[in-house]
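Position 1 is the first residue of the sequence; numbering continues from there. Just the heavy atoms: all of them, side chains too, but no hydrogens, waters or symmetry mates, feed the values below. Since we're looking at a predicted model, the values are computed, not measured.
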Amino acid sequence: MHILDNYELVVYAATPGGMGAAIAAARRNKKTLLIEPSKHMGGMMTSGLGRTDIRSLEASGSIFKEFATKVKEYYVQHYGEHSQQVEDCNQGLWFEPSVAKDIWLTLLTNESNITLCCNNELVDTHVADHALEQISIRSVENGQLFHIHAKVFIDASYEGDLAAMAGVPYTLGREARTEWNEEYAGKIYMDYHPNKTILPHSTGEGDNRVQAYNFRLCLTDDPANMVPVTKPDSYVRENYISLIEDIKKQRINGLGDIMKLERIPNHKTDTNNHHYCLCSTDLPEESDLFPEGGSEVRRQIINRHRNYTKGLLWFIQNDQAIPNRIREDAKKWGYAADEFIEFDHFPPQIYVREARRIKGEYVFSENDARLAPGLERAPIHVDSIAVGDYAIDSHATRKREEAGQDVTLEGFLGLTWLTEIYQIPYASMIPQNVDRLLVPVAISSTHLGFGTIRMEPFWLQIGFAAGISASISISQQKSVRDISIDFLQDALIEKDQKLTHYQDVTWDHPYRQAAEYFGTKGFFTSYAAKLDQPLLVSEASKWVMMARGLEGGSSIPVLPASANVLPVGVDMGPRSPREELSPSEYWQYNPVLKRNMAEQWLSVVNRLTNLRLRVSQTDRETVIRGEFCHWLYQILKANRSKFS
């Protein structure tokens, strides 16, 4: 038995969420131990999921943007800027598993404050006074036991194992439609074809079913880099015979109709379950016991999925009931010989799309990823720490049945037309009942809310925020639930984390950071910030009032009530104020904030803060929106720094 107490932060599971957390904390000089229960590091990002589930690179920042940049740099350096590989990497969003693995290993090993510890499984936790103080892990190779103390722990496992063992309450399965007022919750049959028709028997009832898992294969059609498909030891032909009838009915015309062969560089694929096929690489109903199952139960489920997937490929390529044209088409594909070499060319990580979801301080639901009532954007979260941009979806929860009318599997849905770019609240990774713990992966959400947050780039960024939060908690000796949200957001913005999305603000816009912050405070009610447009006096007054209510903002002076304030020493008379325009009339005729008025306001601000903010030199007579946002943000940050 060994006791380790020289780490400030312990991160459990080297998933994207775990790697993001470890790197963020290490870069803030926190001694970090990153524990991975398996031999495999990187979760799904290094296990076949090479076509990133995100709609836009512009809707992400910080560590994911850094990773995507390095992916593109890799292909440029190895194949040339104008190569097919660079085009196929899609700005770094699409990549080979081995490339992703090498990049992540480099990122982790470059951080001297990170110790990576693989093949060690969690066996126990110690909680005292509702605070997690210690975990115990055991080496899978030699059985050696370690007791590890830390100031903060992060559970980045797909399954939420650490949180559950520490006593954090959690949910499984699907909520009923009325539980969180979610339009598409519960039992549902959706025709996944473009019209997205809702079919009969969609009752919206909740249950404990978990959406299907699968393996994301890396196949190739390059004969020089191909390992042939072989028949698995436990081959069950009956698993696949429904495909024969589907082929006869012309529902299926080739391998690409059975599984999605999505291209990544170098003639390889990210092979996924096909939405329209009723027998594909998913295995509905057979993941239900996985989340709470012990290591032996999970091993059996993983083996079942592995053999099923290998058997599916073998069946399509070799079964005589499959038309020859389809068999020959399928035989063009095999396992990529240079991928997953130590795992017999088969991906090591099963795709745990969903397992436990903790009960946190906030529950993220379907409604958090849709337009908010009365707004032109998804709901605004004052504690936003990241953004997400992927359509809410769910894979099937039941196998083929008559209720699906030979059209769909129950539980399969995709809300592409409905999902907006959304903010992710910090409170959703703060667990109930247990302190000194953050949970950025098994995050607090409903089944449908989880259906968009569960994508690797978002977990990566939520994990990054968890690492920053943990480092602030350690430095300030405060609980992770008690740290300043605004201070955390300042730190994230400095690292180019996206907190808010705008359609009209580029990465290099001089006032982007201020807009990111105030986008979490209700300043902008649409996806347009209009930072380069003149600011109305009425809006400036409103923004000042809102800022005064924020942390560090109580000393911000209001705007001058009059534009007629003269410098000291200037004689006001003779003057008859009642012959001038009334204040209401004046602002009616002068609605835009002028630079001289902004200068007068800043002169008071500077006396209070010693910031020495200045109105920039320009021929423009008016103040623009971004400029004023920038001043307000600088004032708030300066006031917050007094208490950091």
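- Classification of Arg263 and Asp88 as a salt-bridged pair fails, no side-chain N sitting under 4.0 Å from a carboxylate O.
- Checked against the 6.0 Å centroid threshold, Trp94 and Tyr75 do not count as a close aromatic pair.
- A salt bridge links Glu111 to Arg27: at least one charged side-chain nitrogen sits closer than 4.0 Å to a carboxylate oxygen.
- Using modelled atom types, one finds no donor on one side chain facing an acceptor on the other under 3.5 Å when comparing Lys359 with Gln432.
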Exercise for the section: Apply side-chain hydrogen bond (donor to acceptor under 3.5 Å, both in side chains) to Asp532 and His509, showing your working. Expected result: CA-CA 10 Å; Asp532 300 311; His509 196 287; 3.1 Å; yes
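- Under the 3.5 Å distance criterion, the side-chain polar atoms of Asp368 are matched with a main-chain donor or acceptor of Ser365.
- Looking only at distances, no side-chain donor or acceptor of Ser541 sits under 3.5 Å from a matching main-chain atom of Leu559.
- Under the 30°/60° scheme for interplanar angles, the aromatic rings of Trp104 and Phe67 are found to lie parallel.
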Exercise for the section: Apply side-chain contact (heavy atoms from CB on, under 4.5 Å) to the pair Met19 and Leu108, showing each step before the final yes or no. Expected result: CA-CA 8 Å; Met19 295 186 300; Leu108 290 171; 4.1 Å; yes
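- Looking only at side-chain heavy atoms (C-beta outward), Phe518 and Leu499 stay at 4.5 Å or farther from each other.
- Looking at Ser394 and His447, their side chains come closer than 4.5 Å, going by heavy atoms from C-beta outward.
- Counting heavy atoms from C-beta on, the side chains of Glu36 and Tyr12 never come closer than 4.5 Å.
- For the ring-ring contact (aromatic ring centres under 6.0 Å, His included) test with Tyr633, the passing option among Tyr517, Phe523, Tyr511 is Tyr517; the others fail.
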Handout entry: side-chain hydrogen bond (donor to acceptor under 3.5 Å, both in side chains) assessment of Ser475 paired with Lys30
Key = CA-CA 9 Å; Ser475 295; Lys30 297 296 177 282; 2.9 Å; yes
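- At a threshold of 4.0 Å, the pair Glu551-Lys521 does not count as salt-bridged, since none of the basic side-chain nitrogens sits closer than that to a carboxylate oxygen.
- The side-chain heavy atoms of Glu627 and Ser616, taken from C-beta on, include a pair separated by under 4.5 Å.
- Side-chain polar atoms of Gln349 and His40 form no donor-acceptor pair below 3.5 angstrom.
- Note: Asp393 CG to Thr416 OG1 = 8.5 Å, rounded to the nearest 0.5 Å.
- Cation-pi contact between Arg377 and Tyr502: present, with separation from the ring centre below 6.0 Å and deviation from the ring axis of at most 45°.
- With 3.5 Å as the limit, one finds no donor-acceptor pair spanning the side chains of Thr525 and Glu376.
- Side-chain contact annotation: Asp508 with Thr506, donor-acceptor N/O pair under 3.5 Å present.
- Although no hydrogens or angles enter the test, the distance criterion places no donor-acceptor pair under 3.5 Å between the side chain of Asp435 and the main chain of Ala131.
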Problem - Test log, rule salt bridge (Lys or Arg N to Asp or Glu O under 4.0 Å), inputs Lys637 and Asp486 - result: CA-CA 9 Å; Lys637 282 205 301 182; Asp486 297 277; over 6 Å; no
Exercise for the section: Check step by step if side-chain contact (heavy atoms from CB on, under 4.5 Å) holds for Leu9 and Lys151. Expected result: CA-CA 6 Å; Leu9 172 66; Lys151 295 176 181 177; over 6 Å; no
Problem - From CA spacing to verdict: salt bridge (Lys or Arg N to Asp or Glu O under 4.0 Å), Glu361, Arg481 - result: CA-CA 9 Å; Glu361 296 299 319; Arg481 71 178 72 243; 3.0 Å; yes
Practice task
Evaluate side-chain contact (heavy atoms from CB on, under 4.5 Å) for Lys72 paired with Val76, printing each intermediate quantity in order.
Solution key: CA-CA 6 Å; Lys72 184 177 179 181; Val76 169; 4.2 Å; yes
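- With Glu121 contributing its side chain and Ser38 its backbone, the two residues share no donor-acceptor pair below 3.5 Å.
- Rounding to the nearest 0.5 Å gives a distance of 8.0 Å between OG of Ser484 and CD1 of Ile472.
- For the pair Arg55 and Tyr390, the cation-pi criterion (under 6.0 Å, within 45° of the ring axis) is not fulfilled.
- Atom OH of Tyr527 sits about 9.5 Å away from atom CG of Leu375, to the nearest 0.5 Å.
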Handout entry: Verdict with reasoning, Asn113 to Lys31, per side-chain hydrogen bond (donor to acceptor under 3.5 Å, both in side chains)
Key = CA-CA 5 Å; Asn113 287 315; Lys31 293 294 182 184; 3.2 Å; yes
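- A donor-acceptor pair is defined here as one N or O able to donate and one able to accept, closer than 3.5 Å; such a pair exists between the side chain of Thr419 and the backbone of Ile392.
- Under the 3.5 Å distance criterion, with hydrogens and angles disregarded, no donor-acceptor pair is assigned to the side chains of Asp383 and Tyr362.
- Of the possible donor and acceptor atoms, none in the side chain of Thr452 sits under 3.5 Å from a partner among the backbone N and O of Gly449.
- In terms of modelled atom types and a separation under 3.5 Å, the side chain of Ser445 and the main chain of Val363 share no donor-acceptor contact.
- Considering only residues two or more places apart in sequence or on other chains, Glu366 meets the salt bridge (Lys or Arg N to Asp or Glu O under 4.0 Å) condition with Arg370.
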Handout entry: From CA spacing to verdict: side-chain contact (heavy atoms from CB on, under 4.5 Å), Tyr158, Arg353
Key = CA-CA 8 Å; Tyr158 290 124; Arg353 287 192 174 92; over 6 Å; no
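- Counting only heavy atoms from C-beta outward, the side chains of Tyr422 and Phe458 approach each other to under 4.5 Å.
- Using a 4.0 Å cut-off between charged nitrogen and carboxylate oxygen, Glu96 and Lys101 do not count as a salt-bridge pair.
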Exercise for the section: Please lay out, stage by stage, how Asp496 and Arg512 fare under the test salt bridge (Lys or Arg N to Asp or Glu O under 4.0 Å). Expected result: CA-CA 10 Å; Asp496 275 341; Arg512 181 185 64 81; 2.7 Å; yes
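- Salt-bridge formation is detected for the pair Asp490/Arg640: a Lys NZ or Arg NE/NH1/NH2 atom is positioned less than 4.0 Å from an Asp or Glu carboxylate oxygen.
- Annotation: side chain of Ile424 is not in contact with side chain of His381 (no heavy-atom distance under 4.5 Å).
- Atom CD1 of residue Ile443 and atom CG of residue Leu438 lie 10.0 Å apart, to the nearest 0.5 angstrom.
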Problem - Test log, rule side-chain hydrogen bond (donor to acceptor under 3.5 Å, both in side chains), inputs Asp155 and Ser157 - result: CA-CA 6 Å; Asp155 180 359; Ser157 67; 2.7 Å; yes
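- Although no hydrogens or angles enter the test, the distance criterion places a donor-acceptor pair under 3.5 Å between the side chain of Asn639 and the main chain of Gly552.
- Under the 4.0 Å criterion applied to side-chain N and carboxylate O atoms, Arg454 and Asp53 are not assigned as salt-bridge partners.
- Using a 4.0 Å cut-off between charged nitrogen and carboxylate oxygen, Lys498 and Glu516 count as a salt-bridge pair.
- The CD atom of Glu133 sits 8.5 Å away from atom NE2 of His149, with the distance rounded to the nearest 0.5 Å.
- For the pair Trp543 and Leu535, the minimum side-chain heavy-atom distance is below 4.5 Å.
- Of the inter-residue distances, the one linking Leu33 atom CG with Glu8 atom CD reads 12.5 Å to the nearest 0.5 angstrom.
- Two residues are said to be in side-chain contact when any heavy atoms from C-beta on lie closer than 4.5 Å; Ser83 and Val86 meet this criterion.
- Formation of a donor-acceptor pair under 3.5 Å by the Arg625 side chain with backbone atoms of Lys530 is found in this model.
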